[in-house]
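This report refers to the structure that appears directly beneath it.
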Amino acid sequence: MTEPATPYMAGRSATPDASVALRARIPGWGVDLDPKDRPSFPREQPGIATGAHWKFPDRQPEDQPRERSIEHAMLTPAFGTSVPLKGASGAIRRYAYGRYSEGRAAHWLLLIAADRVDAWENHLASFASLRPDNPVTETGIGSEFSGHGLASRAGQRVDVNHSWMDPVIVAGPWVLAGLAGAAVLRAVRRGH
Amino acid sequence: MRAMVYRGPYKIRVEEKDIPKIEHPNDAIIRVTTGAICGSDLHLYHGMMPDTRVGSTFGHEFVGVVHQVGSSVQNLIPGDRVMVPFNVYCGSCWFCSRGLYSNCHNVNPNATAVGGIYGYSHTCGGYDGGQAEFVRVPFADVGPGRIPDWMDEEDAVLLTDALPTGYFGAQLGDIVEGDTVVVFGAGPVGLFAAKSAWLMGAGRVIVIDHLDYRLEKARDFAHAETFNFAEYDDIVVHLKKETDFLGADVVIDAVGAEADGNFLQHVTASKLKLQGGSPVALNWAIDSVRKGGTVSVVGAYGPMFSAVKFGDAVNKGLTLRMNQCPVKRQWPRLFEHIRNGYLKPSDLVTHRIPLEHIAEGYHLFSAKLDNIVKPLIISATA
């Protein structure tokens with residue numbers, strides 16, 4: 001019987017000149033060979049000169065109440081002001097931040113739910129604005145027809161696996177809710 | 001100014017927004033000349049990342065010109081050409097002082113488990129990003145660096161995330177000479193990780209994806225062996241066969257939250273948001289690495305739990321390493337590699353899209369049309 005191969009026995013097939021061949025073939029092969037001579041080694045390296053010329057940074061003014069994780073002892077010295085809390089989605093987010101730590105699933109599930117509410121709030125509000133949402137331009141669907149056209153579209157796109165189920169999953173709850181609503185109405189009418 | 005604005009899942013548009021203001025004495029306002037769409041922006045675009053608010057501007061990969069500086073800024077003056085790491089960080093907290101810039105504790109009030117990232121939801125601090133004509137850059141004395149005169153702007157923009165993250169992914173693998181390294185994902189980060197694995201002395205580099213044009217790039221750009229997982233009944237078994245049934249020494253997950261999972265994974269992760277991502281690539285990594293090997297994770301995952309095969313990781317004695325990349329720590333070495341011709345990051349750029357057409361850019365990138373690998377966003381003021 002022939003000897004079992006690695007890993008059933010110790011040792012791997014020897015390739016003594018492998019690195020010579022690789023160095024010839026791959027530009028820069030092995031220039032960072034020593035793990036101790038790689039950037040970010042060691043992972044934590046005390047005393048790095050970062051350019052900070054403060055022991056603790058100045059504090060950014062809190063012009064309006066800013067939500068924060070309850071895992072923080074205080075509002076951080078700097079923070080983003082991209083989109084302040086507002087509306088029903090803002091109320092959900094305020095509750096998620098105020099009540100639950102990042103360790104709780106409820107924290108993240110509430111934030112995800114608030115994102116959906118936020119999208120609908122803004123979608124509806126856009127119809128009362130001078131620039132309503134436009135599903136054609138905002139989804140970038142026009143790019144289906146630019147570039148190299150149909151030739152580059154067949155077989156290589158990544159959304160074919162799921163796109164068939166997207167309408168069902170996205171529209172399904174609305175259709176079911178509509179049917180349920182209609183059934184309730186019918187029941188109420190029959191009751192009279 | 002003109003800026004990309006999120007309108008809800010799969011919907012964005014370009015709007016007129018106020019030019020950002022100095023809000024902290026160490027802020028700078030940067031006029032963006034070139035930005036990029038990152039694969040992880042797609043998680044925001046798809047509505048995967050909690051607290052992504054309608055009205056926010058994405059974009060954590062950008063370079064530009066200093067437009068204005070706050071009263072305590074000492075290292076930059078208006079007119080400087082700068083590249084900005086995707087990490088927002090203070091430089092002085094417990095974590096920054098140890099070089100863990102991506103774990104800064106002073107810039108993200110919304111979470112302690114993740115640092116600040118430009119244009120990456122309120123979970124990452126609520127900062128607007130650089131897919132706009134101007135962007136606010138906090139701690140301007142700490143984060144941005146001047147673009148060297150010899151450096152191409154398109155190389156510089158890839159040094160703000162994709163290249164350092166790929167390099168960092170290889171570094172987290174603790175590669176030693178002769179190691180077999182498998183990289184899941186042939187996007188820019190995966191391709192840079194594969195390329196970096198050679199610099200660290202890998203003996204064999206294998207890249208796994210399901211898009212042939214990206215695998216072709218992995219062969220040409222990163223000198224890698226490639227396998228299309230869609231062509232195999234079980235890619236893990238195939239990788240075992242390829243490695244004498246030992247498994248790879250190091251596996252790098254450069255896919256993250258939206259791995260192309262099965263129906264159940266797609267519904268629970270992408271549609272119902274009940275997982276922090278579809279952990280298909282991560283589980284394949286755990287399965288295909290050898291016992292005692294190292295799995296390095298640089299793909300982006302959300303904060304929710306994911307159904308990861310942790311028992312296998314325990315029983316195989318694996319080392320799991322992961323983090324967001326502390327970008328600026330990688331720069332000096334990567335600058336050298338670019339100068340020496342070992343790396344040419346802009347070779348991955350396939351599309352240059354004007355900011356006004358960014359919605360089309362997102363759709364192209366999301367559906368992987370037109371052989372897209374890396375799209376840059378060109379500002380109207382560039």
Side-chain angles (χ1 to χ4, degrees), chain A residues 5-7 18-19 26-33 35 38-40 44-46 48 50-52 54 57-58 60 66 68-69 71-72 75-83 102 108 111-112 115 118-119 122-123 133 137-143 147-148 152-153 156-159 161-162 169, chain B residues 7-8 10-13 23-25 47 50-56 75 90-92 96 98-99 106-107 109-113 125-128 138 141-142 171 174 177 198-201 203 211 223 244 246 266 271 273 303-304 326 329-330 333 342 359-360 362-364 367-371:
Chain A
T6 307
S19 51
I26 314 279
W29 184 87
V31 291
D32 291 331
L33 204 51
R38 292 174 188 163
S40 300
E44 296 179 21
Q45 204 175 68
I48 287 181
T50 62
W54 48 82
D58 288 325
Q60 182 177 333
R66 176 65 161 78
R68 67 170 170 84
S69 163
E71 295 186 33
H72 263 302
L75 186 65
T76 54
F79 50 86
T81 54
S82 177
V83 185
E102 295 158 57
W108 302 111
L111 290 176
I112 283 281
D115 287 354
D118 187 22
N122 280 278
H123 187 51
D133 276 327
T137 56
E138 290 179 8
T139 53
I141 201 86
S143 61
H148 294 97
S152 70
R153 310 297 192 246
Q156 280 290 305
R157 56 188 305 153
V158 297
D159 50 356
N161 290 351
H162 327 121
I169 291 169
Chain B
R7 295 293 305 168
Y10 294 91
K11 287 189 298 184
I12 57 174
R13 69 187 188 193
E23 299 188 48
H24 180 281
D51 211 355
T52 301
R53 300 182 189 172
V54 171
S56 55
N75 298 338
C90 74
S92 61
C96 285
R98 287 159 176 78
N106 270 340
V107 293
N110 296 78
T112 58
Y127 296 92
D128 267 338
D141 282 331
V142 173
Q171 180 171 302
D174 284 334
E177 184 170 349
W198 292 124
L199 303 180
M200 296 173 195
L211 294 171
H223 311 281
D244 291 338
L246 189 70
H266 180 74
K271 290 293 180 287
K273 324 290 179 196
M304 282 287 288
R329 283 180 77 180
Q330 323 295 320
R333 180 66 56 81
Y342 302 151
E360 284 81 12
Y362 266 89
H363 181 78
L364 278 176
K368 300 288 179 286
L369 305 179
D370 202 21
N371 289 356

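Each chain gets a letter, A, B and so on, in the order the sequences are listed, and its residues count up from 1. Quantities reported herein were computed from a predicted structural model and do not represent experimental measurements.
N106(B) contributes no side-chain N or O that, together with a main-chain N or O of P77(A), makes up a donor-acceptor pair within less than 3.5 Å. For S69(A) (side chain) and A111(B) (main-chain N/O), no donor-acceptor pair under 3.5 Å exists by modelled atom type. Between the side chain of D141(B) and the backbone N or O of G51(A) there is no donor-acceptor pair closer than 3.5 Å.
How far CG of D115(A) is from OG1 of T52(B): 5.5 Å, rounded to the nearest 0.5 Å. The distance from the CD1 atom of I12(B) to the CD atom of E138(A) is 9.0 Å, given to the nearest 0.5 Å.
Highest contact tally toward chain A, considering only G8(B), G201(B), P326(B), is held by G201(B) [criterion: heavy-atom pairs under 4.5 Å]. Of the listed residues (P109(B), A359(B), G126(B)), the one with the most heavy-atom contacts under 4.5 Å to chain A is P109(B). Ranked by heavy-atom pairs under 4.5 Å with chain A, the list A113(B), C96(B), G125(B) is led by G125(B).
Using a 4.5 Å cut-off on side-chain heavy atoms (C-beta onward), D58(A) and P25(B) make contact. Counting heavy atoms from C-beta on, the side chains of D32(A) and R333(B) come closer than 4.5 Å. Side-chain contact between I48(A) and R98(B) is absent, with no heavy-atom pair separated by less than 4.5 Å. Using a 4.5 Å cut-off on side-chain heavy atoms (C-beta onward), L199(B) and W29(A) make no contact. Within the 4.5 Å cutoff, no side-chain heavy atoms of E102(A) are placed close to those of P303(B). In this structure the side chain of T76(A) never reaches within 4.5 angstrom of the side chain of V107(B), judged on heavy atoms. Inter-residue side-chain proximity for R66(A) and N110(B) is flagged as met; some heavy-atom pair is nearer than 4.5 Å. Taking the side chain as every heavy atom from C-beta outward, R53(B) and S82(A) never approach each other to under 4.5 Å.
Among all heavy-atom pairs drawn from P27(A) and H223(B), the shortest one is CD-NE2, 3.6 Å. Considering every non-hydrogen atom in both G47(B) and I112(A), the closest pair reads O-CD1, 4.2 Å. A pairwise comparison of heavy atoms in H24(B) and Q60(A) identifies CD2-N, 3.7 Å as the closest pair. When every heavy atom of R13(B) is checked against every heavy atom of D133(A), the shortest pair comes out as NH1-OD1, 3.5 Å.
Heavy-atom distances place both the backbone and the side chain of C90(B) under 4.5 Å from chain A. Within the 4.5 angstrom heavy-atom criterion, only side-chain atoms of N75(B), from C-beta onward, approach chain A. Interface remark: E71(A) contributes backbone and side-chain atoms alike to the contact with chain B (heavy atom separation under 4.5 Å). Heavy atoms closer than 4.5 Å to chain B are found in the backbone of T137(A), but not in its side chain.
Under the side-chain contact (heavy atoms from CB on, under 4.5 Å) criterion, T139(A) pairs with I141(A), K11(B), not counting sequence neighbours.
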